[in-house]
There are 2 protein chains.
Amino acid sequence: MNIKDAGKRVGLPPKTIRYYEDIGLVTPDRANNGYRDFSDAHLHKLTFLARARSLGFSIDDCRDLLALWEDQDRASGDVRAIAKEHLAAIEAKIAGLQDMRATLADLVQSCAGDARPDCPIIENLQRG
Amino acid sequence: MNIKDAGKRVGLPPKTIRYYEDIGLVTPDRANNGYRDFSDAHLHKLTFLARARSLGFSIDDCRDLLALWEDQDRASGDVRAIAKEHLAAIEAKIAGLQDMRATLADLVQSCAGDARPDCPIIENLQRG
DNA sequence: ATAGACCTTCCAGTTACAGTAAGGTCAAAG
DNA sequence: CTTTGACCTTACTGTAACTGGAAGGTCTAT
């Protein structure tokens, strides 16, 4: 299967799939004309990657997860450890964003937002 | 004032300040020896930038906010519009992360995390 | 034969810096 | 007077994970 159709199947743009090949995540076969040729196994792997990326795992995480996925003797504890760490990172990010949101929401709410120059948002920013 | 002390004052690493000069956000004076020389006005501007960045505004947003800050005839509505858009982006990001968190938390919770290979996390990933 | 939809590789750009190298400057100590 | 160490300078590279574009080859249908 050519790259465009493969991309449609797994939900990734061709560009991204080529990138994944560049960095060694997948290695599709090549047809005689030089076109990439994706087998079911490749598609399966790409689907795995797409899903992991959509859950916010980094490429490096994905590399580790792929290795575990392919290791029939893996310990589920290893997988869980990666997921837990990622979960903690996500929660930290959420907390940071929620702080920002609270402050911003206050500021937006307190600003008249009309033609006059007086602006609590600007004032807050300049006070540091 | 030299760059290191300026950085300490406003809470930004020297590298970041040089970068901000590179992209035209600040233009400190230069002493005879070529060292950057920061006035109170520069420090004030940098403080403004540091605060805006800490609220998650992009560099481009900061550029616009700075212009409004320095425009005594600004309309507060213009400031508010930028803040509102940013607020919406943050809220969207939070929502996305919360989705991830929910899914991941479920998976982590459902995985025994021991030495056995059976792993609901891997299974979820491979199903897409 | 040709049009258009694919495919290929390679290079540049994105965000907001951080790291490092090579070298100039300054203040204090020996 | 020199040396040391802390500071400063510019310039180049690398980061994450792609995206866009150029130049050119291939395939299919008309």
Side-chain angles (χ1 to χ4, degrees), chain A residues 1-39 42 45-46 48-66 82 85-86 89-90 92-93 96-97 100, chain B residues 1-39 42 45-46 48-66 85-86 89-90 93 96-97 100:
Chain A
M1 180 177 300
N2 282 353
I3 197 167
K4 194 178 190 187
D5 290 334
K8 264 179 203 158
R9 275 280 195 96
V10 306
L12 290 175
K15 275 278 187 188
T16 299
I17 298 177
R18 290 198 192 95
Y19 173 67
Y20 288 171
E21 182 181 0
D22 270 1
I23 62 175
L25 287 180
V26 268
T27 311
D29 302 328
R30 293 289 177 143
N32 292 331
N33 56 12
Y35 288 15
R36 288 171 183 80
D37 186 15
F38 295 86
S39 69
H42 297 131
K45 202 163 178 176
L46 286 172
F48 183 97
L49 284 170
R51 173 68 174 156
R53 291 289 299 126
S54 83
L55 285 175
F57 286 101
S58 71
I59 293 282
D60 267 0
D61 282 341
C62 289
R63 219 182 281 276
D64 296 342
L65 289 170
L66 264 182
I82 295 174
E85 207 164 313
H86 180 45
I90 285 179
K93 199 168 283 184
L97 288 172
M100 283 183 197
Chain B
M1 180 178 298
N2 282 353
I3 197 168
K4 194 178 190 186
D5 289 334
K8 263 178 204 158
R9 276 278 197 99
V10 306
L12 290 175
K15 272 279 184 191
T16 299
I17 298 177
R18 291 199 191 95
Y19 173 68
Y20 288 171
E21 181 180 0
D22 270 1
I23 62 175
L25 287 180
V26 268
T27 311
D29 302 327
R30 293 289 177 143
N32 292 332
N33 56 12
Y35 289 15
R36 288 171 183 80
D37 186 16
F38 295 86
S39 68
H42 297 131
K45 202 163 177 176
L46 285 172
F48 183 98
L49 284 169
R51 173 68 175 156
R53 291 288 299 127
S54 82
L55 285 176
F57 286 102
S58 71
I59 293 282
D60 266 1
D61 282 343
C62 287
R63 218 182 281 279
D64 296 342
L65 289 170
L66 263 183
E85 208 164 311
H86 179 46
I90 285 179
K93 199 168 281 183
L97 287 172
M100 283 184 197

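Every chain is numbered from 1, with letters handed out A, B, ... down the list of sequences. Computed from a predicted model, the values in this text were never measured in an experiment.
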- Query: When Cys62(A) is tested against each of Ile82(A), Leu49(A), Leu55(A) for side chain to side chain contact (heavy atoms under 4.5 Å, CB included), which residue passes?
  - Reply: Leu49(A)
- Base, sugar-phosphate, or nothing: which does Pro14(A) touch, judged by heavy atoms less than 4.0 Å apart? nothing
Can you find a side chain N or O atom of [X] that sits less than 4.0 Å from OP1 or OP2 on [N]?
X: Arg63(A); N: dA17(D); value: no
X: Tyr20(B); N: dA16(C); value: no
X: Thr16(A); N: dA17(D); value: no

In whole angstrom, what separates [X]'s [atom1] from [N]'s [atom2]?
X: Asp5(B); N: dC7(D); atom1: CG; atom2: P; result: 9 Å
X: Asp37(A); N: dC6(C); atom1: CG; atom2: C1'; result: 15 Å
X: Lys8(B); N: dA6(D); atom1: NZ; atom2: P; result: 12 Å
X: Phe38(B); N: dT9(D); atom1: CZ; atom2: C1'; result: 12 Å
X: Ile23(A); N: dC18(D); atom1: CD1; atom2: P; result: 8 Å
X: Tyr19(B); N: dT15(D); atom1: OH; atom2: P; result: 18 Å
X: Asn32(A); N: dT8(C); atom1: CG; atom2: C1'; result: 15 Å
X: Asp60(A); N: dC18(D); atom1: CG; atom2: P; result: 12 Å

- Note on the structure: Of Asn33(B) and Arg53(B), the one whose closest nucleotide on DNA chain C sits nearer the 5' end is Arg53(B)
Between [options], which one does the side chain of [X] approach most closely?
X: Asn2(A); options: dC7(C), dC18(D), dT25(C); result: dC7(C)
X: Arg36(A); options: dC17(C), dA17(D), dT8(C); result: dT8(C)
X: Lys4(B); options: dC7(D), dT9(D), dT8(C); result: dC7(D)
X: Arg18(B); options: dT19(D), dC17(C), dT9(D); result: dT9(D)
X: Tyr35(A); options: dT26(D), dC17(C), dT9(C); result: dT26(D)

- Item | Heavy-atom neighbours of Arg9(B) CZ exceed 12 at 6.0 Å | no
- Item | Heavy-atom closest contact (Val26(A) atom, Lys45(A) atom, distance) | CG1-CD, 4.0 Å
- Nearest nucleotide by nearest heavy atom, which residue falls closer to the 5' end of DNA chain D, Ile3(B) or Lys15(B)? Ile3(B)
- Query: Is any side-chain N of the basic residue among Glu21(A) and Arg30(A) closer than 4.0 Å to the acidic one's carboxylate O?
  - Reply: yes
- Task: Output yes when a side-chain donor or acceptor of Asn2(B) lies under 3.5 Å from a complementary backbone atom of Lys4(B), and no otherwise.
- Result: no
